Q: 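Structure provided below as structure tokens; questions to follow.
Since this is a predicted model, take the numbers as computed values, not measurements.
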Amino acid sequence: MMVKHIAERVLSFCSEHMPLVLMYALLALSPLFFLPITADFFEINKQVLIVGVAMLCVVLWAVQSLVRQAVRFTISPLTVPTLLYVAVLLLSTFFGSTYPYEVIMGRGLVVFGLATGVLVVPSLLKSIQAKTYLYVVSGSGVVLSIIGVLEAFGFGLSNLLNVLLKIQLPEKGGFNPAGSVLAGALFLFPLLVANGVELIKAKQKKDRIIFGSFLGILILGFAAHMYVMLPGKPAEAVFTPLAVSWSIAVDTFKNTRTALVGVGPESYSVAFTQFRPLSLNAAPYWNILFTIGRTEFLHILPTMGLVGGLAWLFLMINMLRTSFPMREEFRPLSIITGILVLEQFFFISNTAQLAVLFGTVTLITVMLKKAKDDRIADIVLHLFAIRILSPGTIDRVEQHPASRILALILSLLVLGGVGVSGYFIARAYYADMLLYQSLQAAQKNDGKKTYELQGKVVNLAPLSDRYRRAFASTNFLIAENIADNPSATEQDKNTIPQLIQQAIREAKAATELDGRKTLNWQTLATIYRALINVAQGADQWAIAAYVRAIQTDPTNPMLRLDLGGVYVSTQNYEQAIRLFQQAAELKPDWPNAHFNLANAYKMKGEKQLAIDALRQTWNLLPVGSAERTTVEGQIAQLEKQKTVTPQPTVQQETKPKSTTAPQKTTKTVPEGEIRLPSDLGLPSENPPATTPKE
């Protein structure tokens, strides 16, 4: 009996005190935690930290249920909004996305983890101290501030890690453990305000010294973060323009399904490429693929639809209602919650910011529960009934045999769910670790190891189009390197067709996983384009893939230019001219479009049109540049040839030196050895004949 009693006390202690340790660990570590062992040092590690804490809390709740022999959890004003937001996220995931993998292992993982904390932690904790909370989060902010100040002066953590680990983190302010300098600044600002208020309200000298010290360091850190984000600085902030983000959100409403559930929680890039306005091509960042919206609300509208936007607003409003009116006993928590909520209406949220927001409002719920707020209640589940009790009330029928059986069954189910979820999350995390190792191997020119590791990555996560795309590019690059190596053995050369065919299969698989993503079609098109001189029919497959890419990104002039280059290589100058004209219409100030148009006119034998296009190119090139001098020479040469009408000669697409070089081709691959797929299917329509209008 004594052993059983001791065991029960130990289990009770763990279930009641460990959650508080875990919550403080989450609040302190989420802005600082990163590991240089995955392809993404920051986000995936923060996501795993969040879900790991959530899983441990769920396990502790299951243990507590077994100890109490009853299923009991706390409901608050956040319970319904949180459940609703999770439900809408799942709805958008399965009805808006093609495959749910990227969502579940991305933003979905963060939301599931944080929502679990909101729903479970208040059932585990009895009370917290606001001062302890502020010490914990401010301590994390102090560490981040010191790192930010050192980084701004060029003597930060990134320098040390680059030397010790032989990696290439951005230096001189570009590195930040929060995931980005903006994420760090958004975390520091509410801490700065909260410590300022506590300093003003402090009555004891010790508190004034502590809060004053915190405030001084946080101010320096915040200033350093803001400084390195200024124009021209290493971490210059580039946001999705507000007008562009709004236009994209509005355009998603033109389709009933996307209007309701969006294009998928991790698919903002899909909405961006499909709906970005033509006016963006006039901006300096016209060729940037924005993967996030300008603000959290403008990110959620296109990705989760109107239903998602309303669910998010409902959750944010209830977070504010839970935190206010502000009470003295949890004043710093209310201040931090309020500012973190407001920040999302001006910026996109980040993982660290969300972790602190959800963690803080969860702890406010715990404090309201201790104060016996009438908005908080406990629910006890029995086999055939549900009882609603005031917090702390003992249910006299908790020990009923049916209640014990229900507690046992649900606890076992919960523990089983945690185990299964943990397995798949660990599998996905291991895949990202292997991807990072493959990238390191690629930097060392170890093609064999790169290939083997990425093959394992695809096997671990076959539903990730990102991994498939990377593996396709790796296969093709290895084939190119072998083909270009004069000392390659016959055995190596015999692997070239297999590598290229595998590259095609993987790129094609990426388009099947998510045919809405332009990058997937671009990868496939690039491979086909490089095979035009060595594989029969490759030009038609390249054209088909580029047309699909254009359909997913209709205002992108680069895609039109690339497709025009394919037509040049097949001597179809009419189509090439048509595509180059469209590229020039989409972005009139782009010298490359006019230069390639001039080249196509020249190869067709239309000298005057070529001269006109070259003059337009000359006007757009920087004064005094070498490219401008080259174009002047070509204009002069064509002026001399105008009286002569030579037959057009076959030439490859050319571009000014200041632009991207033409695609490389694997010319040493024996012709006819590359078998192209027969089931891609050409688009029913021709390449778009007109450019999109505003």
Q: Could you tell me if Q344 and T295 have a donor-acceptor pair between their side chains, going purely by distance under 3.5 Å?
A: no
Q: Heavy-atom count check: over 12 atoms from other residues, nucleotides or ligands less than 6.0 Å from R321 CZ?
A: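 Open: at most 12 neighbouring heavy atoms sit under 6.0 Å from CZ of R321.
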Q: Give a yes or no on this: more than 12 heavy atoms of other residues, nucleotides or ligands lie within 6.0 Å of atom CD of Q129.
A: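 Count not over threshold, so no.
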Q: Taking Y227's backbone N and O only, do any of them form a donor-acceptor pair with K233's side chain (distance below 3.5 Å, no angle check)?
A: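 Flag not set: sc K233 to bb Y227 has no pair under 3.5 Å.
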Q: Let me know which of T303, L91, L89, V88 forms a side-chain contact (heavy atoms from CB on, under 4.5 Å) with V261.
A: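 It is L91, the one option of T303, L91, L89, V88 that forms the side-chain contact (heavy atoms from CB on, under 4.5 Å) with V261.
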Q: Taking the ring of F290 and the ring of Y268, is the distance between their centroids below 6.0 Å?
A: no
Q: Crowded around M367 CE? As in, over 12 foreign heavy atoms under 6.0 Å?
A: yes
Q: Is it the case that over 12 heavy atoms from other parts of the model lie below 6.0 angstrom from the CZ atom of F424?
A: no
Q: Using the benzene-type ring in the case of Trp, are the ring centres of F42 and F34 under 6.0 Å apart?
A: yes
Q: Within a 6.0 Å radius of atom CZ on F239, are there more than 12 heavy atoms belonging to other residues, nucleotides or ligands?
A: yes
Q: When the aromatic ring centroids of Y85 and F314 are compared, is their separation below 6.0 Å?
A: no
Q: For Y133, what residues pass the ring-ring contact (aromatic ring centres under 6.0 Å, His included) criterion, not counting sequence neighbours?
A: none
Q: I would like to know whether N350 and S180 meet side-chain hydrogen bond (donor to acceptor under 3.5 Å, both in side chains); could you show each step before the answer?
A: CA-CA 9 Å; N350 57 79; S180 70; 5.8 Å; no
Q: Tell me whether the count of non-hydrogen atoms from other residues, nucleotides or ligands lying under 6.0 Å of CH2 in W246 goes above 12.
A: no
Q: Using a distance-only test with no angle check, is there a side-chain donor-acceptor pair under 3.5 angstrom linking Y429 and N45?
A: yes
Q: Are there over 12 heavy-atom neighbours, none belonging to Y24, within less than 6.0 Å of that residue's OH?
A: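 Yes, the 6.0 Å shell around OH holds more than 12 heavy atoms from other groups.
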